[in-house]
Protein chains: 2
Amino acid sequence: MAKKQSKKKCDNSPVKLKADPMAEELAKLAWAIAHPARVQIVRLLIGRDACMCGEIVDCLPLAQSTVSQHLKILKESGLIQGEVDGPKVCYCVNPERLEQLKQWVAAL
Amino acid sequence: MAKKQSKKKCDNSPVKLKADPMAEELAKLAWAIAHPARVQIVRLLIGRDACMCGEIVDCLPLAQSTVSQHLKILKESGLIQGEVDGPKVCYCVNPERLEQLKQWVAAL
DNA sequence: AGATTCAATCGTTGATCGCCGATAAACGTT
DNA sequence: AACGTTTATCGGCGATCAACGATTGAATCT
């Protein structure tokens with residue numbers, strides 16, 4: 001039987017969805033804020049423009065090493081950046097990257 | 001010296017940042033799209049309004065069971081919903097939830 | 001130099017993810 | 001009732017996450 005045409009792919013493209021670089025980038029950014037602690041860190045930094053690492057630790061019910069891990073993840077995503085200020089480290093958001101996240105989500 | 005008052009907590013609240021329900025909710029939504037495959041699924045559903053599960057499977061280079069897992073995660077986040085249509089299941093985005101994600105991210 | 005402070009890193013542990021094949025469950029069809 | 005189709009779930013595997021304490025590294029202050 002002619003039967004199952006239901007085997008048609010989406011869109012009529014014969015191949016799989018190509019590895020979408022934008023999907024990967026968005027996923028990476030979303031992953032950065034896919035944890036309550038990281039959301040709070042980002043919002044804290046946005047609200048204060050800049051913040052010492054120690055203050056962030058004091059604001060969260062987590063160990064210093066754990067917070068440092070989250071900061072590292074956020075830094076790797078590009079959402080935040082930290083510059084050394086003497087013995088301390090001052091963190092702040094990367095506005096462009098944050099804007100990129102906002103636009104990509106808005107464009108969904 | 002009067003010394004550095006830098007020992008001050010954030011905001012001047014003596015306690016830790018309270019468990020922020022909004023942060024958890026946003027993290028949950030972000031987590032839903034924190035994987036390239038799930039981003040592609042969401043975009044696919046947005047672009048087509050609705051899509052059978054089988055079609056989604058055909059669009060991704062993943063096993064059927066894996067796609068089903070991703071769909072389950074997306075469903076649990078509320079971003080998509082699926083209604084049974086005979087032996088098949090028709091998935092579609094939940095516009096309100098998607099809008100919520102957009103607004104929360106935009107409000108960052 | 002020595003002591004102190006601050007932050008990053010290391011090493012460990014338990015939980016979860018992401019993937020798969022295989023199996024089960026739901027439904028329509030013959 | 002038996003079959004085929006479609007989707008969800010189960011079990012297993014390796015990899016990664018999230019958390020912590022302890023240690024190290026860098027910079028400042030006595």
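Proteins get letters first, then strands, A, B, ... in listed order; numbering begins at 1 in each. Keep in mind the model is a prediction, meaning the values are calculated, not measured.
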[X] [atom1] - [N] [atom2] separation (whole Å):
X: A/D85; N: D/dT28; atom1: CG; atom2: C1'; answer: 12 Å
X: B/H70; N: C/dT16; atom1: NE2; atom2: C1'; answer: 14 Å
X: B/L71; N: D/dT9; atom1: CG; atom2: C1'; answer: 14 Å
X: B/M52; N: D/dT5; atom1: CE; atom2: C1'; answer: 13 Å
X: A/L74; N: D/dA18; atom1: CG; atom2: P; answer: 11 Å
X: B/K72; N: C/dC17; atom1: NZ; atom2: C1'; answer: 13 Å
X: A/I73; N: C/dA7; atom1: CD1; atom2: P; answer: 18 Å
X: B/I41; N: C/dG18; atom1: CD1; atom2: P; answer: 11 Å

Please name all residues satisfying side chain to side chain donor-acceptor pair (under 3.5 Å) with A/Q100, sequence neighbours left out, ordered by chain then number.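 For A/Q100, the residues satisfying side chain to side chain donor-acceptor pair (under 3.5 Å) (neighbours in sequence not counted) are A/R97.
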At less than 4.0 Å, is any side-chain N or O atom of [X] found next to OP1 or OP2 of [N]? Yes or no.
X: B/Y91; N: D/dT6; result: no
X: B/T66; N: C/dC20; result: yes
X: A/S68; N: C/dA7; result: no

Any ring-ring contact (aromatic ring centres under 6.0 Å, His included) pairs touching residues 68-89 of chain B, not counting sequence neighbours?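 For residues 68-89 of chain B: B/H35-B/H70.
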Filter on ring-ring contact (aromatic ring centres under 6.0 Å, His included), then keep only pairs touching residues 73-107 of chain B, sequence neighbours left out; what's left?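 Every pair satisfying ring-ring contact (aromatic ring centres under 6.0 Å, His included) with a residue in residues 73-107 of chain B: there are none.
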What nucleotide among [options] has an atom nearest to a side-chain atom of [X]?
X: A/L62; options: D/dC20, C/dA7, D/dT7; value: D/dC20
X: A/K88; options: D/dT7, C/dA8, C/dC6; value: C/dC6
X: B/C53; options: C/dG18, D/dA18, D/dT7; value: D/dT7

Toward the 5' end of DNA chain C, by each residue's nearest nucleotide, A/Q69 or A/C90: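 Nearer the 5' end of the strand: A/C90.
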Kindly write out the residues that satisfy side chain to side chain contact (heavy atoms under 4.5 Å, CB included) with [X], not counting sequence neighbours, or none if the list is empty.
X: B/V42; value: B/I33, B/I46, B/L74
X: B/A63; value: B/S65, B/T66
X: A/K102; value: A/L98, A/E99, B/V105, B/L108

Any side-chain heavy-atom pair of A/L60 and A/Q40 under 4.5 Å: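 They are in contact (side-chain heavy atoms under 4.5 Å apart), so the answer is yes.
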If I compare all heavy atoms of A/L29 with all of A/S77, which pair ends up nearest, and what's the gap?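 Looks like CD2-O, 3.8 Å.
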Atom pairs, protein N/O to nucleotides 22-26 of chain D N/O, distance under 3.5 Å:
none

Within residues 26-37 of chain B, which residues have any heavy atom lying less than 4.0 Å from an atom of DNA chain C?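 By residue number: B/W31, B/H35.
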Please compare A/A63 and A/G86 by the position of their nearest nucleotide in DNA chain D and report the one closer to 5'.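 Residue closer to the 5' terminus by nearest nucleotide: A/A63.
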Scan for salt bridge (Lys or Arg N to Asp or Glu O under 4.0 Å) pairs involving residues 62-77 of chain B, sequence neighbours excluded, and state none if there are none.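 Sorted result for residues 62-77 of chain B: empty, none.
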Are B/L101 and B/W31 connected in a single hydrophobic cluster, I mean Ile/Leu/Val/Met/Phe/Trp/Tyr linked by side-chain heavy atoms less than 4.5 Å apart?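 Hydrophobic grouping puts B/W31 apart from B/L101.
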